[in-house]
Student: 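Take a look at this one; I'll ask things after.
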Amino acid sequence: MEKQEQGIFNDKNIVGSPRGHIARLFIALFIFWLGLSGTIEPKIIFYGVIASAVTALVTYPLLLVDSEDKTKKYFIFDVFKYKFACYAFWLLWQLILANVHVMRTICDADLPINPRIVRFYFRMDNPVAATLLANSITLTPGTVTVNVEDDGLFEIHALTDFTAEGVLDGSMQAKIADLFGEKFDFDPLPDEEGE
């Protein structure tokens, strides 16, 4: 009788190398351990290595998410580190620009707001990419992610015309597709004003 259960090291559905994922998780946990301990005594380092190794092995299966069709499993921290740092700085700049825009809007005597729901399709195989996009949009002042459907439909509440155009220009979506190394599949839909 064949064994039905396969270990995480032999699972062909996992995108990337499970050993590499676990090694990077171990290193991150160990660095965190050293930061919290505040000392480099041999006993503390030994305990840190053991604790980090056990934690990495036990939690790794919990950090895998299935693709929509359940044919692949993605490690949630498996992004290009350099590209992620670039994306974080770009997002920070977008947050500053959006803050200034919203501040000017609410300080304007005419209060030029035009709230609406804008919709677009953004299809990616990795569900972590969709989560990052939804959270990035919600972090940006003047926009809130209202709903994300399984088929990739995003519904975003935009406060002004400027913020609606910013969501529909596809720049954030393109950066996230590049960050996760996936094909850029973005399709803006006509928006519905006055919602």
Side-chain angles (χ1 to χ4, degrees), residues 15-16 24 28 32 35 62-195:
V15 176
R24 287 195 306 272
F32 185 66
L62 302 173
L63 299 175
L64 295 172
V65 292
D66 291 327
S67 62
E68 187 62 38
D69 59 3
K70 307 284 189 222
T71 59
K72 297 178 186 172
K73 295 178 184 175
Y74 292 96
F75 181 52
I76 62 172
F77 297 120
D78 194 21
V79 295
F80 300 109
K81 307 311 182 250
Y82 170 75
K83 288 183 179 181
F84 185 76
C86 292
Y87 176 75
F89 283 115
W90 178 84
L91 181 62
L92 181 62
W93 178 245
Q94 297 305 307
L95 296 178
I96 291 168
L97 292 176
N99 269 305
V100 169
H101 170 73
V102 170
M103 182 183 65
R104 284 183 178 167
T105 301
I106 61 175
C107 290
D108 190 329
D110 296 332
L111 197 63
I113 64 170
N114 185 17
R116 66 178 86 180
I117 299 291
V118 294
R119 294 173 174 84
F120 61 85
Y121 280 100
F122 181 62
R123 297 169 197 89
M124 295 197 72
D125 194 42
N126 191 337
V128 179
T131 303
L132 181 61
L133 177 61
N135 288 334
S136 297
I137 290 171
T138 298
L139 274 174
T140 308
T143 56
V144 175
T145 303
V146 178
N147 188 29
V148 179
E149 298 287 335
D150 290 339
D151 63 352
L153 175 66
F154 283 72
E155 296 177 318
I156 312 298
H157 181 273
L159 183 64
T160 65
D161 293 333
F162 178 79
T163 56
E165 290 166 10
V167 169
L168 295 175
D169 74 356
S171 58
M172 187 177 287
Q173 294 87 340
K175 291 202 176 288
I176 288 180
D178 183 52
L179 176 64
F180 286 91
E182 294 213 17
K183 182 181 77 158
F184 179 61
D185 187 2
F186 172 68
D187 183 26
L189 300 173
D191 62 321
E192 298 178 14
E193 297 186 21
E195 293 187 20

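Everything numeric in this text was worked out from a predicted model, so none of it was measured. Note that these values count all heavy atoms, side chains included, but never hydrogens, waters or copies made by symmetry.
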Student: Distance check, rounded to the nearest 0.5 Å: Ile106 atom CD1 versus Ile113 atom CD1?
Tutor: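 So the gap between those two atoms works out to 10.5 Å.
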
Student: Show your working on side-chain contact (heavy atoms from CB on, under 4.5 Å) between Phe120 and Leu189 and close with a plain yes or no.
Tutor: CA-CA 5 Å; Phe120 61 85; Leu189 300 173; 5.5 Å; no

Student: Does any N or O in the side chain of Asp151 come within less than 3.5 Å of the main-chain N or O of Leu153, such that one atom is a donor and the other an acceptor?
Tutor: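 Side chain of Asp151 to backbone of Leu153, a donor-acceptor pair under 3.5 Å: yes, one is there.
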
Student: Roughly how far, to the nearest 0.5 Å, is CG of Asp187 from CZ of Arg123?
Tutor: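 Answer for the CZ-CG pair, Arg123 versus Asp187, is 6.0 Å.
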
Student: So how far is it from Thr138 OG1 to Ile156 CD1, rounded to the nearest 0.5 Å?
Tutor: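 Answer rounded to 0.5 Å: 6.5 Å.
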
Student: Is a side-chain N or O of Gln173 found less than 3.5 angstrom from the main chain of Val167, in a donor-acceptor match?
Tutor: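 The answer is yes, because a donor-acceptor pair under 3.5 Å joins these two groups.
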
Student: Could you tell me how the ring of Phe75 sits relative to the ring of Phe77: parallel (under 30°), tilted (30 to 60°) or perpendicular (over 60°)?
Tutor: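 Judged by the thresholds at 30° and 60°, the geometry between Phe75 and Phe77 is perpendicular.
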
Student: Side-chain contact test, heavy atoms from C-beta onward, threshold under 4.5 Å: evaluate it for Val148 versus Leu133 and give yes or no.
Tutor: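 Not in contact.
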
Student: Assess, by modelled atom type and distance only, whether the side chains of Asp178 and Tyr87 contain a donor and an acceptor separated by less than 3.5 Å.
Tutor: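 On atom types as modelled, these side chains do not qualify, holding no pair under 3.5 Å.
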
Student: Where does the angle between the aromatic ring planes of Phe162 and His101 fall among parallel (under 30°), tilted (30 to 60°) and perpendicular (over 60°)?
Tutor: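 It falls in the tilted class, 30° to 60°.
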
Student: Donor-acceptor pair, Thr163 side chain versus Ala158 backbone, under 3.5 Å?
Tutor: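 Flag not set: sc Thr163 to bb Ala158 has no pair under 3.5 Å.
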
Student: Has the side chain of Glu182 got a donor or acceptor atom that lies under 3.5 Å from a matching backbone atom of Asp125?
Tutor: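 Checked: pair present.
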
Student: Begin from the C-alpha positions of Leu159 and Val144 and carry the test side-chain contact (heavy atoms from CB on, under 4.5 Å) through to its verdict.
Tutor: CA-CA 9 Å; Leu159 183 64; Val144 175; over 6 Å; no

